[in-house]
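Following: one structure in structure tokens, then a few remarks.
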Amino acid sequence: MSINATLLIQIIAFVLLIWFVNKVLWGPLSKLMEERQKKIADGLSAAEKGKHELELAEQKAKEVLKEAKAQAQNVLSQAEKRGSEIVEDAKVKATEEADRIKASAQAEIEQEVSRAREELRKEVAVLAISGAEKILSKEVNAAAHNDMLEALVKQI
């Protein structure tokens with residue numbers, strides 16, 4: 001064979017090889033590379049979107065935390081206020097109870113004083129009757145009468 005024919009066959013073989021590589025290997029490989037680039041770009045886009053959403057979630061979490069702290073402070077304030085109200089209520093009730101007990105004791109004391117006065121009157125009456133009997137049983141004597149009255153007054 002001549003060199004021209006060999007060269008022509010080699011050129012045809014080389015062209016067929018290039019066509020085969022382009023059709024069978026290079027096309028699918030290029031397609032795979034493009035798909036891979038698209039997946040990477042989508043992944044980067046999703047990562048960027050996720051980062052943005054994370055920032056938004058952090059901001060929202062901070063806002064929720066701030067709101068929760070404000071609500072907790074509000075609840076604590078209301079609890080302190082209610083506690084103060086309960087203490088004031090207890091003070092008022094205790095004062096009312098003390099006044100009621102005091103009034104009851106005062107009434108009891110007044111009853112005891114009245115009973116003691118009544119008993120004292122009865123005793124004075126008995127002593128007066130007894131003294132009158134003694135005076136009447138003795139001779140009526142002004143000096144003796146005055147002595148007895150003084151003795152009766154001392155007994156009272």
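All of these numbers come straight from a predicted model, not from anything done at the bench.
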Between R115 and E112, does any NZ, NE, NH1 or NH2 come within less than 4.0 Å of an OD or OE carboxylate oxygen? yes
Please round to the nearest 0.5 Å and tell me the distance separating atom CG of D42 and atom NZ of K38. 6.0 Å
Does Q10 have any side-chain hydrogen bond (donor to acceptor under 3.5 Å, both in side chains) partners at least two apart in sequence or in another chain, and if so, which? none
Can you list the residues that meet the salt bridge (charged side-chain N to carboxylate O under 4.0 Å, His left out) rule with E80, with sequence neighbours excluded? none
OG of S30 to CD of Q37: how many Å apart, nearest 0.5 Å? 10.0 Å
In one Ile/Leu/Val/Met/Phe/Trp/Tyr side-chain cluster, 4.5 Å: I9, L7: no
Nearest 0.5 Å, please: how far is NZ in K39 from CG in L32? 9.0 Å
Under the rule for side-chain contact (heavy atoms from CB on, under 4.5 Å), what residues qualify as partners of R121, not counting sequence neighbours? E118
Using the rule that Ile, Leu, Val, Met, Phe, Trp and Tyr join whenever any side-chain heavy atoms are under 4.5 Å apart, tell me whether L16 and L8 fall into a single cluster. yes
Check: A41 main-chain N/O paired with S45 side-chain donor or acceptor under 3.5 Å: no
From I11 CD1 over to L17 CG, what is the distance, rounded to the nearest 0.5 angstrom? 13.5 Å
Is there any side chain to side chain donor-acceptor pair (under 3.5 Å) pair reaching into residues 90-107, and which pairs are they, with sequence neighbours excluded? E97-R100
Who passes side-chain contact (heavy atoms from CB on, under 4.5 Å) against L65, sequence neighbours left out? K69
Is it true that W19 and L25 fall in one hydrophobic cluster, defined by side-chain heavy atoms closer than 4.5 Å? yes
CZ of R36 to CG of L29: how many Å apart, nearest 0.5 Å? 12.5 Å
Listing request: all side chain to side chain donor-acceptor pair (under 3.5 Å) pairs with a residue in residues 54-68, at least two apart in sequence or in separate chains. none
